[in-house]
2 protein chains.
Amino acid sequence: MSVTQPVRPPRRRAPRNSLNPDRILDAALTLLDRDGAEAFTMRGLAQQLGVGTMAVYSHFRGKDEISDAVAQRLLDTIELPPGGSEDPESELREVCVGVYRLFTEHPSALELLAGRPLRGDDAIALIDRMLGLLRRAGLGRADAAHAHVALMQYTVGSALWNTRRARALCQEGARERVRARIAALPSDTYPSLVALAPELLCQKSEGTGQFEYGLDGLLRGLLGGTPQV
Amino acid sequence: MSVTQPVRPPRRRAPRNSLNPDRILDAALTLLDRDGAEAFTMRGLAQQLGVGTMAVYSHFRGKDEISDAVAQRLLDTIELPPGGSEDPESELREVCVGVYRLFTEHPSALELLAGRPLRGDDAIALIDRMLGLLRRAGLGRADAAHAHVALMQYTVGSALWNTRRARALCQEGARERVRARIAALPSDTYPSLVALAPELLCQKSEGTGQFEYGLDGLLRGLLGGTPQV
DNA sequence: ACCTGAACACCGTTCAAGT
DNA sequence: ACCTGAACACCGTTCAAGT
């Protein structure tokens, strides 16, 4: 009576050579952007590709190697200003904005790039360019090295802060809850915070405007006191 | 012959009430500092406490609740300057250094605090204090709000950057490998980077010195152009 | 060579049970 | 009430096997 038919033959064997590193990285980036790095899974990646879990291992050594490759690919996509302008400060500003954009458009890029050694040519070129601009802006050798790190730290920190904040505030009613909590604070123990609540909760205080406010301050402070004389 | 003795009776039943939230949080912080947030495990925590995995669940709802509680406890430990000084800029500086110290002494604090809503009194008090100092330093309402966020972003970003960098460089021979890689770069394609290699690899460029360099620059830029007139 | 499922050693957490 | 192990649904990865 009962024919020996497999109970769950859910997926036909994938056609040969339908998989390749590029297709895998495309799918990985899609999932990373959509669900975040902590939800990125080898099993989920394979499912997205319509393939058995282990098929991916024929093209990459493992999850770390895929993460590295996605990180390198993301570094390519930074949009940098043309270069060769006569104003190193504003060119520097645009480079930082480009890096910030990468991290806010691809929040998982932070997790992917933060721990790793940055061994891509694009990363090297970016560092070299920033250092050159800082020297042209008049900084000494040690100052240029310090300033470059400070700019990267601020840029990375802003992206991290804003993506986390955006993720927290996009919950339903989260914004109103924060507002209510601040309104409920005793204004005699926390006078400044209560007084500045409108400014802190202002929409303008999020995103690129806030980032550029601090970036301009940092550039002013690092590049010396005479802005446009 | 064979007595019915359990094969693996590895742990006696823990004495009643030997476990409590404080002991759990102590152990959690120890493990978090020693092995990092990604290696922090409910099973490992229970083992550290000498207790079955599920015993912890009698005191906390789950892993997230423990992480939240550790984060709150860490916020308490920030060492803040006495306050009431006549120089708001240097007091602000010390507050930022205190926050930076917390994050570098407890690298996992970043992971713990980054995502969460910051619903502790200590966090509120910290924000209020920074805002008050920025107002006293002469900033307007909107500027104070923006400057506060910029300072926090820079501080968090610096801590993240430096702890990751420190972790990467503490591998055996990592420092020499980075040095060799930079030395091998063609100095005509990456002239600035190659030229500044000594400064970039300098020991001084790590840790608190680097952080304070950027912090001073940021404060200078944010608080206006007339430093000590 | 490329792709497969089964299996292994993990993870957080639910559950029914012991004391 | 507090603590227990077994079990469930995950995870990355190893392995032997199919084509």
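Protein chains get the first letters and strands the later ones, always in sequence-line order, with residue 1 at the start of each.
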(message) Nearest whole Å is fine: how far is D/dG12 C1' from A/Glu65 CD?
(response) 14 Å
(request) Working to the nearest 0.5 Å, report the span between OG1 of A/Thr77 and CZ of A/Arg73. (result) 10.0 Å
(message) Expressed as a whole number of angstroms, how long is the span from B/Asn20:CG to D/dA1:C1'?
(response) 14 Å
(request) Measure across A/Met42 and A/Gly62 and return the closest heavy-atom pair with its distance rounded to 0.1 Å. (result) CE-C, 4.3 Å
(request) Can you tell me the distance, in whole Å, between the CD atom of B/Gln47 and the P atom of D/dT4? (result) 13 Å
(request) Begin from the C-alpha positions of B/Leu80 and B/Leu126 and carry the test side-chain contact (heavy atoms from CB on, under 4.5 Å) through to its verdict. (result) CA-CA 9 Å; B/Leu80 294 177; B/Leu126 186 72; 3.8 Å; yes
(request) To the nearest Å, give me how far apart CD1 (B/Ile24) and C1' (D/dC2) are. (result) 11 Å
(message) If I take atom CG from residue B/Leu113 and atom NE2 from residue B/His106, how far apart are they, to the nearest 0.5 angstrom?
(response) 11.0 Å
(message) Quick one, B/Val51 with B/Leu45, criterion side-chain contact (heavy atoms from CB on, under 4.5 Å). Give me CA distance, side-chain angles, the key distance, then yes/no.
(response) CA-CA 9 Å; B/Val51 106; B/Leu45 176 59; over 6 Å; no
(request) Answer whether the closest heavy-atom distance between the side chains of B/Val149 and A/Tyr213 falls below 4.5 Å. (result) no
(message) Would you say CD of B/Glu105 has more than 12 non-hydrogen atoms from neighbouring residues, nucleotides or ligands within 6.0 angstrom?
(response) yes
(message) Quick check on contacts: within residues 55-63 of chain B, what sits under 4.0 Å from DNA chain D by heavy-atom distance?
(response) B/Ala55, B/Ser58, B/His59
(request) For A/Phe103 and A/Leu160, run side-chain contact (heavy atoms from CB on, under 4.5 Å): C-alpha distance rounded to whole Å, both residues' side-chain angles, the deciding distance at 0.1 Å, then the answer. (result) CA-CA 8 Å; A/Phe103 284 130; A/Leu160 178 69; over 6 Å; no
(message) Pairs counted only when both distances fall under 3.5 Å, Watson-Crick or G-U: show me the 5' to 3' dot-bracket for DNA chain C, [ ] for pseudoknotted crossings and | for other-strand partners.
(response) ||.|||||...|||||.||
(request) Please report, rounded to the nearest Å, how far the P atom of D/dT4 is from the CG atom of B/Asn17. (result) 12 Å
(message) If I take atom CE in residue B/Met54 and atom C1' in nucleotide C/dT13, what distance separates them, rounded to the nearest angstrom?
(response) 6 Å
(request) Could you give me the CA-CA distance, side-chain angles and deciding distance for B/Phe40 and B/Ser108, then say whether side-chain contact (heavy atoms from CB on, under 4.5 Å) is met? (result) CA-CA 10 Å; B/Phe40 177 59; B/Ser108 51; over 6 Å; no
(message) Testing the basics here: between B/Leu74 and B/Leu29, what is the closest heavy-atom pair and its distance to 0.1 Å?
(response) CD2-CD1, 4.0 Å
(message) Using a 6.0 Å cut-off, check whether atom CD of B/Gln47 has over 12 heavy atoms from anything other than its own residue.
(response) no
(message) Using a strict heavy-atom distance below 4.0 Å, which residues from residues 32-46 of chain A are in contact with DNA chain C?
(response) A/Arg43
